[in-house]
Amino acid sequence: MNYKFNFLEKTHKINLEKADDLFKVIINDKQKYNISDVEVESNLISFKADDKLYNIYCFSDKDKMYLSIDGENYVLELEKDKTTKSKTKQQKGNSVFSPMPGLLVKIPVSVGDKVKSGTTLAIVEAMKMQNELPSPRDGIVKKIIGKEGEQVDALQVIVELE
Amino acid sequence: MNYKFNFLEKTHKINLEKADDLFKVIINDKQKYNISDVEVESNLISFKADDKLYNIYCFSDKDKMYLSIDGENYVLELEKDKTTKSKTKQQKGNSVFSPMPGLLVKIPVSVGDKVKSGTTLAIVEAMKMQNELPSPRDGIVKKIIGKEGEQVDALQVIVELE
Amino acid sequence: MFKKILIANRGEIAIRISKACKELGISTVGVYSTIDKPSLHLRYMDDIVWIGDSPPLSSYLNIQAILEAAKKTKAEAIHPGYGFLAENEKFAKACEDAGIIFIGPDSKALSLVGDKVASRNTVKKLGVPIIPGMAMITKDLKKFKHAAKDVGYPVIIKASMGGGGKGMRVVYNENELEKSIAAGQREALSAFGDESVYLEKYIEQPRHIEFQVLRDNFGNCIHLFERECSIQRRHQKIIEETPSPALDNNMRMKMGEEAKKVIEASDYTTAGTVEFLLDKNKKFYFLEVNARIQVEHPITEMVTGVDLVRQQILIAAGEKITLKQDQIKQNGHAIETRIYAEDPDNNFVPSPGKILFLSEPNGPGIRVDSGIYQGCDIPPHYDPILSKLIVWSENRNMSIIRISEALKEYIILGIKNNIGYLKRIINSKDFAKGNYDTHFIDEHEEKLFPKQEKLDIALIAGALSKQAGYTKSESDFQKASTMKSTPWQELGKWEICSLS
Amino acid sequence: MFKKILIANRGEIAIRISKACKELGISTVGVYSTIDKPSLHLRYMDDIVWIGDSPPLSSYLNIQAILEAAKKTKAEAIHPGYGFLAENEKFAKACEDAGIIFIGPDSKALSLVGDKVASRNTVKKLGVPIIPGMAMITKDLKKFKHAAKDVGYPVIIKASMGGGGKGMRVVYNENELEKSIAAGQREALSAFGDESVYLEKYIEQPRHIEFQVLRDNFGNCIHLFERECSIQRRHQKIIEETPSPALDNNMRMKMGEEAKKVIEASDYTTAGTVEFLLDKNKKFYFLEVNARIQVEHPITEMVTGVDLVRQQILIAAGEKITLKQDQIKQNGHAIETRIYAEDPDNNFVPSPGKILFLSEPNGPGIRVDSGIYQGCDIPPHYDPILSKLIVWSENRNMSIIRISEALKEYIILGIKNNIGYLKRIINSKDFAKGNYDTHFIDEHEEKLFPKQEKLDIALIAGALSKQAGYTKSESDFQKASTMKSTPWQELGKWEICSLS
């Protein structure tokens, strides 16, 4: 079986093959591991990778998988199909959205403004921190969706570029 | 609304009536309480009873409700309908069952034995404690279902009387 | 230092030991019986080995399987924890023969402290007070009668190889003597495979006070003061505290020195506990030696700052004790309560099953040594201990308040447990006064069951929960509560008051 | 003693304070904003009052609403915790006017320690070393240039009413001076509503070391030694320890006495912290006074055994400090890490959301002051602190190992957090050596992000989990994982190896 996960905007390919009482795993066509003693419970996955035992806490929520390994946290996303992917890319290119829920404190641009890559298009405050949302490219402000003083949700688009 | 719960083999009646922004509660036709500020979440019920605030952790599992109030644990059972109830009673009269899962270490009686109320019919070991199961009444051993050395489940009948 | 230690135990103590190992840079091997595969202790180990079926005899008492696991994983030492094989001289011997270090006293010392009559005699020679009684094993009724008259009634019959109250009988006059000896022998035989019993003066209103001792292979020996363990049910300790409210500093130092003498005379190493009885006139008597890390060791750690499991491992690895007696201080006060899966409302019958919801206390001065997690199954095969709640505070009074509050915050739903019962003991007046002995539980039995006081509130909560379900729509509620939805799942907050 | 205290805060510190109150027999009133109704702190209160909408200005900074809540519930005193209104002299004054005791220094002392230039001048008079710089507020560029030449470049521009790094600018030569002053003034104005800035010598490689002081209404004053808080990110402390690896006993006693002088000169009562900078030549300089219980107070409690929140309350209630300076000892070593909802992989952007799974560490030497539970929602409106992990052990080395292991056991799934990042700092060589200053994070930035090392294992876990779902039947797995089934629900243990 082949699986694909996104982690920090990179896609990783995992190939899992059953061989007698273990799995042979190949990651990104390079690293190889022998996996044995696999147990999967609702919040714990344990296995030996090349004879080293791992206990991994996990929680699956929609297409995300939250994992904790020896204090390190990983959030893996199941690779989406092509349509979704290109849509995401498009959004990224033309839209500025808030990475987290918060208060929209400032929109220093107006429709029609010419902006450069990196120009601050909006400031969102969450947890006492002000976060400046930069323009992803040079362009012209086409649409402003949020209003100063409003709450915004995570991933809510605030400004669109032409 | 009326509710009935069993607790430690007694049945308790609770009458709940909505009155403006509070509930009037009468328990066992006697004690009266004014209940306000009710919040019910999946694992926490909070309310004020006569102006005192309570935070109660709870978990419902089938017909049982587990509650913890200031360190005291309560297990309430929803009152069953009449048929079930009499069946339970019958079991109690004629059968001896293990109150918990464990190892059936000894059955000191045989089919046909005359036994008195209190005679030990079986010994079940759980968590390093031996628990003697006494006969609920005078009678004759009709059937022995378990075998020494076997694991038994909670509420599993081990001996039946005539 | 060891590179790898196998931990021949389960539950909270296996986790406690694994933590001590990791802090010393030692990797750990956990073992498990069939039913224990999902148990918490295995999540703290670097490697795990299955050692047999669920019954203890097949697994945690299976010397052969445990030794094989150690050899297979190249563990250099085995820590036995408490219970199971912890004081088993055969196991210690088998480890010695296999070239694996048993973290505990050697088999010779174990054998000496295991035999009660023999250790009485050893201790007597040292001049440490022992309870007046018989100095040899006999079956001769005349000798029993004679001894009883000598020490004066009431007397107590005890199993020579015994422990945990099995084989014990209190005898108030000569008429009862013969019958009680016979009963004691029968019980001793079935419990320990040895019918030997002996007789001692019965100490009335005794307090159980024990001293923690450490001794290394070079003869260095220190004690870490006392633990008072008089709150017992059926001879099992359930609440322990240190310092003891019964001792003054003179007695404390004197008893500590006597405890060291006992350990030194047995050529005993690593960690051991010397148990004493204290009578109502504050005379103390040697009782026995516990040759293991004890369940209640954390209270000593809290007041002295010394990590006892770490010390055990260091000593077993051949290190010298670097602490000097006069560096050990008692700082503040600590109390431990043992959290058991048992039903106080039903004669303390064990209560295995699934923990459906768990929230453990935390914050200042609170330590939880836990063997459970939300969702785990408590198997019926083993000791019902789930975890230990230990608190520290500046003084006894503040410790009592702290542990009482912490018990309120300790939520275990799904199986019966003794949390409320422990809280009632802690909150009783006689406990607050420090005025108690080993009969405390029996004497306060009725007072300890006033459980109905919040029943009304429980019933209201039950009804409101049902009502919320009903108004929300019966089927949703059924789903929510019986499908075992997540605790974090928002069923919405049913604002009941806004519904008509 | 008070009968009832209102706690004007939320999260872990509100719980910490409520516990201290209950241990003194004081009942507590909690307050909450709209979004905080399900928050953990309310479960620790005897009564709760809604004080406004979710934004802080409407609720936790709403002086009027908080005072009304106190009056309505007949609370005699208010504990402000840290942040929000903790150092707000208007709030302290409003409490005084309303006849409610503000648990903290009085409004006069707050006003004095709040103004940095004024407190520099007060402190200078005492002979306590201050960083060379300007003694008065000015807008005159000439005076700035003159002062900069006097103390020597580099210099630092600071906001007079400031804190948290806002308005600060380091200036390396005269050419940059004017621009930096203007920038500092703009930032100071927007952050504190006051554009005043001043100039100081810039201390290179400084360590941030602060002393905890208690002072009662009778003039009794003690210090409880230092806390080293040099591990900061964007001027926010994230790891604190005591004792500081940079101090020897002489310096420690000297700085402690200087700290007491500062507190005494301000006629400051209850608990306060005097912050110092220590330069690379071990010269120390007064920095500022923090007029509140601090986030990092637990490490002092762990090594001294003194409950600081309890002392605060006792002093506010008019009790005398009974502890003498020579009774306070530093015993062992403690470290605190602050657990934040933030994403270290994405520029530490705050990460509010739902905690889907939570397991907090426990056991020997571990304290968790927590404000969260499994299933709770972390709102975006407030500080991202979730909880604090504090450990104690015999010495610094063992504390480092202990907190490193405890961080591994701290599982928070569902929102991004800094646990792994903290662990990487703790495990770095320079931290182990105690060889660090306030620039540690900037200088080690690259080393602190080697996060990929266990990515392979994470990917394997992800694939196995999918595989298990697949072989079990895709729809079951979907249900199991996306319907948010219970953690305790047995989806069966998928013994993958036995499937072909």
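Chain letters run A, B, ... following the sequence lines, proteins first and then strands; every chain starts at 1. Just so you know, these numbers come straight off a predicted model, no measurement behind them.
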Note to self: Less than 4.0 angstrom from a charged side-chain N to a carboxylate O is my criterion; do C:D377 and C:K37 meet it?
What the structure shows: no
Notebook entry, point to check: Which bit of C:R402 comes within less than 4.5 Å of chain D, counting heavy atoms only: side chain, backbone, both or neither?
Noted result: both
Checklist line | Side-chain heavy atoms of D:I328 within contact of D:F225, under 4.5 Å | finding: yes
Item checked: Toward chain C, the part of D:E405 with a non-hydrogen atom under 4.5 Å -> side chain
Notebook entry, point to check: Which one, D:G365, D:S387, D:P364, D:G363, leads in non-hydrogen pairs under 4.5 Å with chain C?
Noted result: D:P364
Notebook entry, point to check: Nearest heavy-atom pair of D:R10 and D:D36: which atoms, and what distance?
Noted result: NE-OD2, 2.6 Å
Next item on the list: With a 4.5 angstrom heavy-atom cut-off, could you sort out which part of C:S359 is near chain D: side chain, backbone, both or neither?
Entry: neither
Notebook entry, point to check: Under 4.0 Å between a Lys/Arg side-chain N and an Asp/Glu carboxylate O for C:R338 and C:E12?
Noted result: no
Item checked: chain D contact via C:K19 - side chain, backbone, both or neither, heavy atoms under 4.5 Å -> side chain
Checklist line | Contact origin within C:R310 toward chain D - heavy atom pairs under 4.5 Å | finding: side chain
Check: Which region of D:S404, side chain (C-beta onward) or backbone (N, CA, C, O), has a non-hydrogen atom less than 4.5 Å from a non-hydrogen atom of chain C, or is it both or neither?
Finding: neither
Notebook entry, point to check: Is the shortest distance from a Lys or Arg side-chain nitrogen in D:R367 or D:E301 to a carboxylate oxygen in the other one below 4.0 Å?
Noted result: yes
Check: Side chain, backbone, both or neither: which part of C:N331 has a heavy atom under 4.5 Å from chain D?
Finding: side chain
Next item on the list: Would you mind telling me which of D:I15, D:D369, D:V368 has the largest number of heavy-atom pairs within less than 4.5 Å of chain C?
Entry: D:V368
Item checked: Worked check of side chain to side chain contact (heavy atoms under 4.5 Å, CB included) between D:H297 and D:K388 -> CA-CA 11 Å; D:H297 77 276; D:K388 303 180 310 205; 4.0 Å; yes
Note to self: Check C:E409 with D:R43, please: is the shortest side-chain N to carboxylate O separation under 4.0 Å?
What the structure shows: no
